[in-house]
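Here is the structure we will look at.
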There are 2 protein chains.
Amino acid sequence: MDKQAIYDDLKKRILTLELEPGAALDEARLSEHYRISRTPLREILRGLAGEGCVDIVNNRGAYVSSMSHKVLRDFFVTAPMIYAAIGRLAAQNAKPSQIHEMREIQEKFRAAIAAQATADMVYCNQCFHALMGEMADNPYLKPSYDRLLIDHARISQTFYRPRDPQMAERMYSALDHHDQMIAAIEAGDSKTMVDLIVEHWELSRDLVEYFVKPDPLAYDMAAANS
Amino acid sequence: MDKQAIYDDLKKRILTLELEPGAALDEARLSEHYRISRTPLREILRGLAGEGCVDIVNNRGAYVSSMSHKVLRDFFVTAPMIYAAIGRLAAQNAKPSQIHEMREIQEKFRAAIAAQATADMVYCNQCFHALMGEMADNPYLKPSYDRLLIDHARISQTFYRPRDPQMAERMYSALDHHDQMIAAIEAGDSKTMVDLIVEHWELSRDLVEYFVKPDPLAYDMAAANS
DNA sequence: GAGTTTTATATTGTATACAATTTGTATACA
DNA sequence: TGTATACAAATTGTATACAATATAAAACTC
């Protein structure tokens, strides 16, 4: 397992919440686990800190970045603007090879949904949106976008309930959006792309809203039975 | 000189173009210069890479991040949106202690302009806008904003001509904008704030436009004398 | 028994030595 | 003369040992 692979593995474990927000990342333990010395491991942790996955406190170690209420609020304030901008730029700047790669990811995504393989779904979705960031090809937006994607993955996992039939519906909507996005990107149609991004975003927003404000239990049993 | 001081010093040297875009950052040379070993120096370089000051290529060392035409274009595409968003959030979220600090920076800025101390002007301006980023208090926008500020400083220095009388005018306009911004932030008036940000931005845009498209020399000497 | 100081342990930070990779140069050959 | 290969130098990457700092525990004072 080389350095990049360890980097990716750690990032994946953070994204999938296997390493929970706030969890301490002990250098000695991790370096032993991955069979490398502390020096390169520290560089990996600092790299992840640059991406926003990890918070480092001087002389007190590294922690998986937290997900406080404030962070959640900031996420919902910021994501629409950045996502729209990235979508617009992706439609303008995508290279043919990237569009091809996107189609491949989309087919894997489709298969994962059909197979109800939650982990694969999350991963393919992540790849799809990360690639969109590459297409946009803007070094100033990329760091913010990547940070949003990291927390987007974590938030989605927090609120996703695999047994709820509404979830399957949502996933097929998302899949459909992705198909339309690929078409818009190929056509270089940035206006349609932004509309799709907004629509897609509302899926995520509604998921959390539904969690915070779920269908209430009947508080008047007599009425519920009538 | 502790680690943070070395970090700041390197960043400052990059911002002031003392270390030019694309310049190689030799680990051995730098570690000797700052009297620390390579291990912490490497961490500093990776930290700066996370901020976007430095590009690191595997097995081929660190370089001051470049300023290609594409980067310049991306800068002008992206900055208005992010600056406006940061301005709006700063007006909404600024804490009294931060407003107080901002006033102090502004007075130093005023003094630097009066004294025509270019380096101090650049530094105070940088501090002013960095503090605005702190006020906005949004972890998703901050990485993009900081990256924009780094290149903004470098671009401004590239196109600034201290001997041009127009430059002094511009600086007084900027100073005036800053005064008005502080008032808007204190009043929590985010609408006015965004208008000011746009106006302030046009100063920077015009500076570069003027450089790219300066007053042409007379090409018809007869006509010029008539 | 509560609070403070001291001591021990654990963890992070730094220096140095060594390994791996890349780059430059010289030489052989077409 | 141009290209390819082999070797040498320089530079980056990693491991390990040691130093500094923070946390936990124990002893002490009041």
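Quick note on labels: first sequence line is chain A, next is B, and so on, each numbered from 1. All values below come from the heavy atoms of this structure, side chains included, with hydrogens, waters and symmetry mates left out.
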Next on the checklist: OP1 or OP2 of dA15(D) versus the side-chain N and O atoms of Ser37(A): is any pair under 4.0 Å?
Outcome noted: yes
Next on the checklist: If you count heavy atoms of other groups shown closer than 6.0 angstrom to CD of Glu202(B), is the number above 12?
Outcome noted: yes
Checklist entry - Over how many whole Å does the gap from Leu41(B) atom CG to dA15(C) atom C1' extend? => result 13 Å
Next on the checklist: Heavy atoms from C-beta onward define the side chain here; which of dG13(C), dA15(D), dA22(D) lies closest to that of Arg46(A)?
Outcome noted: dG13(C)
Checklist entry - Does Asn58(A) or Glu43(A) map to a spot on DNA chain D nearer the 5' end, using the closest nucleotide for each? => result Glu43(A)
Item to check | Pair Arg170(B), Ser204(B): side-chain N/O donor-acceptor within cut-off below 3.5 Å | outcome: no
Next on the checklist: From C-beta outward on Lys3(A), which listed nucleotide comes closest to its side chain: dA15(C), dT14(D), dT12(D)?
Outcome noted: dT14(D)
Checklist entry - How close or far is atom C1' of dT14(D) from atom OH of Tyr34(A), stated in whole angstroms? => result 18 Å
Checklist entry - Which whole-number value in Å describes the distance from Glu32(A) CD to dA15(D) C1'? => result 15 Å
Next on the checklist: What is the distance, to the nearest angstrom, from the CG atom on Leu45(B) to the C1' atom on dT12(D)?
Outcome noted: 12 Å
Checklist entry - Any idea which of dT14(D), dT11(D), dA22(D) is nearest the Arg29(B) side chain? => result dT11(D)
Checklist entry - Rounded to the Å, how far apart are Arg35(B) CZ and dT16(C) P? => result 13 Å
Checklist entry - Quick one: Arg42(A) CZ to dA15(D) C1', roughly how many Å, whole number? => result 14 Å
Checklist entry - Among dT12(C), dA17(C), dA15(C), which nucleotide sits nearest the side chain of Arg38(B)? => result dA17(C)
Next on the checklist: Side chains of Tyr145(B) and Asn138(B): any donor to acceptor distance under 3.5 Å?
Outcome noted: no
Checklist outcome for this item: Of dT11(C), dG13(D), dT14(C), the nucleotide closest to the side chain of Asn59(B) is dG13(D)
Checklist entry - Asp26(A) has an atom CG; how far is it from atom P of dA10(C), in whole Å? => result 12 Å
Checklist entry - Between dT23(D), dA15(D), dG13(D), which nucleotide gets closest to the side-chain atoms of Glu27(B)? => result dG13(D)
Checklist entry - Quick one: is Arg60(B) getting a side-chain N or O under 4.0 Å of the dT11(D) phosphate, OP1 or OP2? => result no
Item to check | Base paired to dA26(C) (Watson-Crick or G-U; both N/O distances under 3.5 angstrom) | outcome: dT5(D)
Checklist entry - Would you call the rings of Phe211(B) and Phe159(B) parallel, tilted or perpendicular if under 30° counts as parallel and over 60° as perpendicular? => result perpendicular
Next on the checklist: Tell me whether the rings of Tyr140(A) and Phe75(B) are parallel (<30°), tilted (30 to 60°) or perpendicular (>60°).
Outcome noted: perpendicular
Item to check | Length of the CD-P vector between Gln4(B) and dT14(C), whole Å | outcome: 12 Å
